[in-house]
Every structure is written in C-alpha cells, then in structure tokens.
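Let me begin by presenting the structure, written as structure tokens, before commenting on it.
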2 protein chains.
Amino acid sequence: MKEKIAGTGLKVTHQRMVIYDAVLQMNFHPTVEQIYEDIQGENPSISLGTVYKTLETFVEYGLIDRVFTEEGVRRYDPNLEHHGHIYCTNTREIVDYYSEELNEIITGFFKKRKVNNLKIKNITLQINGDKIDPDKDITIK
Amino acid sequence: MKEKIAGTGLKVTHQRMVIYDAVLQMNFHPTVEQIYEDIQGENPSISLGTVYKTLETFVEYGLIDRVFTEEGVRRYDPNLEHHGHIYCTNTREIVDYYSEELNEIITGFFKKRKVNNLKIKNITLQINGDKIDPDKDITIK
DNA sequence: TTTCAAGTTAAGAATGATTCCTAAGTAATA
DNA sequence: TATTACTTAGGAATCATTCTTAACTTGAAA
Ligand SMILES: [Mn+2]
Ligand SMILES: [Mn+2]
Ligand SMILES: [Zn+2]
Ligand SMILES: [Zn+2]
C-alpha cells in the first residue's frame, strides 16, 4: 500500500496511508463522510478537508475510482477492475457487477461502431432499480 | 405540451409550460442554470427556485430525465427514448447515443443473466472521454 | 359566473456539501 | 542536518440546492 502511493509519485504520508487503507477495506462504495467517520476512531486529527482532498488526489492519480449515483451522491470505489454497478434507489446500496462476457460485448460493439473524435477514457454501465425484498441481497444469474 | 403536463395530473401553470417548452427546445442536456437563463428574457419573473422545483417535478412525473455527468453536474434531458450518453470531459458536451442493436444486446444479456431481488428501473450507459479536436463533432460509426 | 380547496409560486433565508486559504508541519533528497 | 517542495489542519468561503411562508392560481364544483 505504501508502494502503491509511492508508485504514483505522491509523497507517502500517514494521512494518505490511513485513508487509502480505509477505502480498500470498505467494499460498499463509501461516501466521503463514511470514510471520514471510519478513520475518526484511530485518527481523530485527520480533518474532513484532508479526506476530501486526498480522495480526489487518489482518483486523479488512478488509485481509486469515483461514482455518482442516480441521485448525484459522490461515492468512492477501490475496485479498479472494469465493472458495472447496480444501484438500489431505496437502500442506496451499490452492488458491483462483473461480467467478462458483458465487457466483451460492449467493447466489441464499440470496436465495430467507431466513435470518432473521442479518446474514450471509460465506459460505465449502471443498472438502477429498487430492491424487492430490502433484507435480501441482490444476486445475479 | 399543455396536454403532456395535464396528462400527469399536475396543474397546468404558465411557469410549467414555459419551463417544459424550454427543456424540449434545448437538445444539449442543459443545467438548471442554463434553463433559467434561457427563459429570463421572456419571463423574468419566474424564479430560480421555481425552475429547480419544476424540473424535479417533471422528472418525478416522467416528463423529462436527469443525468449526472462524471463530474457530478446535474443536467436535464428531454429525450425519453432509451439511449446512451457520450460525455466529453473537456468541452462538457453530452452527445446522445442511440443504437437499437446495443439496446438489444444489453437487455438481451440481462434477460439471460437474471438480476434477482431487483426491480430494474433503467440501465444507463455512459461513455466518458476527451474530444480529440474540440472544434469538430463527435460522430459514431 | 362565482366560490373554494388544493396546489403552486416568488423571494429570500437556510442548509450542507465541497472548495479554498494559509500558516505550520512533514517527506524526500542530498 | 539542511533544503525544498509538498502536504495538512482548521476554519472561512462558496455555491448549488432545498426550505419556508405568505400571496396567488388552477381546476372543479356549485
Ligand atoms: Mn458524501
Ligand atoms: Mn446546475
Ligand atoms: Zn464498484
Ligand atoms: Zn440524452
């Protein structure tokens, strides 16, 4: 983890390691506030401003990703693999959705149908819906 | 247009007609502010708060759509057909992207691979990238 | 037509998420 | 250890969005 941060050219600080570690641990696409609260116990002196700045720095340097939900809420994603998101409007859960097959279908499609004059950075697929039974998980297949 | 609003059960007011009309006219996925500015000339008495509220009401009643860009900016979309969005990070343009073929591919995929415990409201596909020549258009195929 | 209840609006205040500022602190390097 | 560039805490500022409320409209009914 130290190496990951150093690898970008960023200085390795205590704050950055704590925040990076926290995001990696949290697999539910946390908000800034959730990350801030998570680290409060062990590191009460790290300020909210630092959490904001650090997370954006990480996104900028490609260490983590950022997602906006359908409602415009900013959430962070430690998972850099290319994957889709299922968003539940009532519980506000984000469930990762991987499918090699779907990836291939979509990238294959855009290989045929070329998008001109655009350097594609990423393609995101978001499935929005409501959980039917809020106590059960969303599962695929 | 009057009928469209009335059809939802909402009362037909001057403000709603003006705002609805403005959004339909604007095919570039405007922000709240852009819509507000657009109607200022003819209707300087319609307040910004009303524009906010009215647009959200329209979204709620299914008259228009709302999109968040990769940067989290709220933009409105009069186009209710199912379509994807190409977002250019440097010019902030949103280009609509229709493809019957891609629609079928994706919906077909999720027919096979069933998502359990979720009532799907919509599936959004967003292609993010940078325009290569900012003065030329983004075109497909 | 007139009346009336329910719904809508303008204006401005309030909120709240995010960004900015700056002086003090720290990491990397030699 | 000294130097430099970068980073941070804390708090202020910004700014998009929401809320509040009194006045006004709409649409339906009498
Ligand atoms: Mn947040
Ligand atoms: Mn806006
Ligand atoms: Zn994810
Ligand atoms: Zn569109």
Side-chain angles (χ1 to χ4, degrees), chain A residues 1-23 29-61 63-64 66-76 92, chain B residues 1-23 29-61 63-64 66-76 92:
Chain A
M1 46 204 95
K2 188 178 269 195
E3 303 75 40
K4 272 288 178 70
I5 296 170
T8 64
L10 289 168
K11 288 193 173 166
V12 177
T13 65
H14 174 67
Q15 290 85 341
R16 283 178 177 160
M17 293 209 295
V18 168
I19 294 168
Y20 187 52
D21 204 50
V23 183
H29 307 77
T31 63
V32 178
E33 206 64 39
Q34 286 173 320
I35 294 160
Y36 178 64
E37 278 159 21
D38 185 78
I39 66 181
Q40 275 302 288
E42 300 269 326
N43 296 274
S45 70
I46 297 180
S47 73
L48 180 59
T50 297
V51 178
Y52 268 101
K53 179 120 78 73
T54 302
L55 289 169
E56 284 303 292
T57 303
F58 287 168
V59 171
E60 188 184 339
Y61 284 79
L63 288 172
I64 62 177
R66 193 186 48 195
V67 188
F68 285 92
T69 65
E70 215 198 11
E71 283 113 352
V73 175
R74 178 190 298 239
R75 297 177 59 171
Y76 290 92
R92 271 145 215 196
Chain B
M1 46 208 94
K2 187 179 267 197
E3 302 76 38
K4 271 286 177 73
I5 296 170
T8 64
L10 289 168
K11 287 192 173 168
V12 178
T13 65
H14 175 67
Q15 290 86 338
R16 284 179 176 158
M17 294 210 293
V18 168
I19 294 168
Y20 187 53
D21 204 50
V23 183
H29 306 79
T31 62
V32 178
E33 205 64 37
Q34 286 173 321
I35 294 158
Y36 178 64
E37 277 158 22
D38 184 78
I39 66 180
Q40 274 303 287
E42 299 270 327
N43 295 274
S45 70
I46 297 181
S47 73
L48 180 58
T50 297
V51 178
Y52 268 101
K53 178 119 77 72
T54 302
L55 288 168
E56 284 305 291
T57 303
F58 287 168
V59 171
E60 188 184 340
Y61 283 80
L63 287 173
I64 62 177
R66 192 187 48 196
V67 187
F68 285 92
T69 66
E70 216 199 9
E71 283 112 352
V73 175
R74 180 190 297 241
R75 297 177 58 170
Y76 290 91
R92 271 145 215 195

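Residue numbers begin at 1 in each chain, while the letters A, B, ... track the order of the sequences.
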Inset, instruction - By nearest nucleotide on DNA chain D, pick out whichever of B:Ala6 and B:Glu56 is the more 5' one. - result: B:Glu56
Legend entry - Interatomic distance, A:Ile35 atom CD1 to A:Ile64 atom CD1 [nearest 0.5 angstrom]: 6.5 Å
Inset, instruction - For A:Glu71 and C:dA17, give me the distance from atom CD to atom C1', rounded to whole Å. - result: 16 Å
Legend entry - Heavy-atom pair with the smallest gap, counting every atom of B:Thr50 and B:Ile19: O-CD1, 4.1 Å
Inset, instruction - Check side-chain contact (heavy atoms from CB on, under 4.5 Å) between B:Thr8 and all other residues, then give those that pass, not counting sequence neighbours. - result: B:Leu10, B:Tyr61, B:Leu63
Inset, instruction - Look at the side chain of A:Glu3 and the backbone N and O of A:Met1, then say whether any donor-acceptor pair between them is shorter than 3.5 Å. - result: yes
Inset, instruction - Start with the C-alpha distance between B:Arg92 and B:Thr69, add both sets of side-chain angles, then the distance that settles side-chain contact (heavy atoms from CB on, under 4.5 Å), and finish with yes or no. - result: CA-CA 9 Å; B:Arg92 271 145 215 195; B:Thr69 66; over 6 Å; no
Inset, instruction - Quick one, give me the B/S/- string for nucleotides 4-14 of chain C, reading 5' to 3', where B means a protein heavy atom under 4.0 Å from the base and S means that only happens at the primed atoms, P, OP1 or OP2. - result: --BSSBB----
Inset, instruction - Could you check how far CZ of B:Phe68 sits from C1' of D:dA16, rounded to whole Å? - result: 11 Å
Legend entry - Short N-O contact, A:Arg66 and B:Glu70, less than 4.0 angstrom: no
Inset, instruction - Using five pairs at either end of the helix from C:dT1-D:dA30 to C:dA30-D:dT1, determine the angle between the two local helix axes and round it to 10 degrees. - result: 30°
Inset, instruction - Rounded to the nearest angstrom, tell me the gap between atom CZ in A:Arg75 and atom P in C:dA17. - result: 14 Å
Inset, instruction - Could you tell me the separation between the CG atom of B:Leu48 and the CD atom of B:Glu37, rounded to the nearest 0.5 Å? - result: 9.5 Å
Legend entry - D:dT17 OP1/OP2 closer than 4.0 Å to side-chain N/O of B:Tyr52: yes
Inset, instruction - Quickly work out the A:Tyr36 OH to C:dA17 P distance and round it to whole Å. - result: 13 Å
Inset, instruction - In sequence, state the C-alpha distance, the side-chain angles, and the governing distance for A:Tyr76 and A:Val32, and then conclude on side-chain contact (heavy atoms from CB on, under 4.5 Å). - result: CA-CA 8 Å; A:Tyr76 290 92; A:Val32 178; 3.6 Å; yes
Inset, instruction - For A:Glu3 and C:dA27, give me the distance from atom CD to atom P, rounded to whole Å. - result: 16 Å
Inset, instruction - Measure the distance from CG on A:Leu55 to P on C:dT19 and round it to the nearest whole Å. - result: 11 Å
Inset, instruction - Can you establish whether the number of heavy atoms outside A:Met17 located under 6.0 Å from its atom CE is more than 12? - result: yes
Inset, instruction - Using atom CG of A:Asn43 as one end and atom P of D:dT8 as the other, report the distance to the nearest whole Å. - result: 12 Å
Inset, instruction - Would you kindly give the CD-to-C1' distance between B:Glu33 and D:dC15, to the nearest whole Å? - result: 10 Å
